[in-house]
Amino acid sequence: MKRPISELIKNYQDKMQFARAFRYALWMIGWDTETEAPRGALEERSIHVGTLSRELHNFSTSQEMIDLVQELFDRKDELDSLMHTEIKKTHKYLMRQLKVPVDEYVEYQMLLSKTQTIWADAKNNNDYNAFKPYLEKIIFFKQKMMSYWQTDTLQGYDVLLDQFEEGMTSTEYDEFFVALKKDLVPFVKGITSLPKQEFSFLNQSYDIDKQKAFSHYIMDVLMFDRTRGLMKESEHPYTSGMTSQDVRWTNHFHEKLITSSIFSAIHELGHATYEQQCNPDLDKTNLGGGTSMAMHESQSRFYENIVGRSFAFWNVHFPKVQALFPSQLKDVTVEEWVKAVNQVENSLIRTEADELTYPLHIMVRYDIERAIMKQELTVEELPQEWNRLMKAYLDIDVPSDREGILQDVHWSSGMFGYFPTYALGSAYAAQIYYAMKRDFDVEDSLASGNTQAINEWLKQKIHWHGSTKTAKQLLLEATNEPFNPQYYIEYLKTKYQSIYR
Ligand code: ZN
């Protein structure tokens, strides 16, 4: 006899609550590790993390759980629309997990537990050969997983792309990057051939406590709700939200680099605002939080670049920075400041790249990943190919692998397919900006001193929906158009033509 659907739902929700409690504990430990835990605590806690993770994995993939999710999935037409969406998502992840033989999964996890350290050492020693055999093993595993996860419609590299950005395939990414290549590469060359302007005020020392005070000021400008979140310090800035009621972010302060903490704050607060403005009803489902990597990144980049590097924004807030740092900035005009924080430069390191050249760094990685996964490129050939593409796209010679192929952590933790979401996020942000401008005067609203109108628009169109819709769906509904890379190209050209005349 069939069990009543309400009984199945209750059972499922109890199990999810149990798993959530484990996840919360792991999240809390992770947050503490990144921010405040003393080094002495790390060894013992890694044992606790191992125990909790194993329990959670066993619980989530137990036969009882599989049967329950399968039954709910088979009877999904009896569910309300939210539960329907949730079960489809749970089922998809569970099935994906079960396709990988347990022994292989464990072997892969053990490999990954070593490779980040090996990569970090190889990078420090500028020794690609030390990392190469491990990278080869990671790629070997990735190719096996691709074969387990492939479907009739999803094959090869597309399988990996889909995990970070549901529904985005290499065909669509190819179109996007071809458009960028055609317009941006010559445009960037034109700008970088101009004589470089020096802004010596950027290289002075800035008191760290005052930089922190400015981060707190920015939190108020962007209207971060401190009753449901907080900021601490970590090595690399990041944001992590468990629910809409508990959203945490970090910053890192460099005495000699004031722009770093300012733009990291605005960037991370973009991520945090997305998390805080999700419908709280989704907190007890698996549909809370941002819907995809690119959509999340679109929000952080919207605040960082479109809001945070605009004249309208600094016209209101530059006097505050000036008041905190009178000796460094008293003779600097707001026009000079805005020009300084929008300087374009061909650089070697992705994470330090400016807004305009950033997508070219991503194109290098995308081309390489695609070629690796198509087996057109061996690990032996990677450094050379990297250097060739950097010359072609950014017109720059790479002096060492440390500043080339070894610079990013992603591949050492198996994250193939992640990079293109960074560029896609910036392009989403531009399309969203043009849609927003049709509804109200964005620059005008920034003169009010906070981002209330912007937050509200993004809340209604994007944030509130959590991950109940895919990024593609959300973008279509928010902007009345499918993804169109021309907005991004137009946005960049208009902005930098006006800055560089
Ligand atoms: Zn980000």
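Start at 1 with the first residue, then count along the sequence. Just so you know, ligand 1 is whichever comes first in the structure, and atom 1 is the first atom listed for that ligand. Everything quoted here is computed from the prediction, not taken from an experiment.
Between Asp395 and Lys189 there is no salt bridge, since none of the side-chain N atoms of the basic residue sits less than 4.0 Å from a carboxylate O of the acidic one. A salt bridge links Lys212 with Glu233: the closest approach of a Lys/Arg side-chain nitrogen to an acidic carboxylate oxygen falls below 4.0 angstrom.
No cation-pi contact links Arg370 to Tyr157, judged by a cut-off of 6.0 Å to the six-membered ring centre and 45° from its axis.
His267 contributes NE2 as its N, O or S atom closest to the Zn ion (ligand 1). Here the N, O or S atom of His271 that is nearest to the Zn ion (ligand 1) is NE2.
Between the side chain of Gln245 and the backbone N or O of Pro280 there is no donor-acceptor pair closer than 3.5 Å.
For the Zn ion (ligand 1), the set of nearby N, O or S atoms under 2.8 Å includes one belonging to Glu297.
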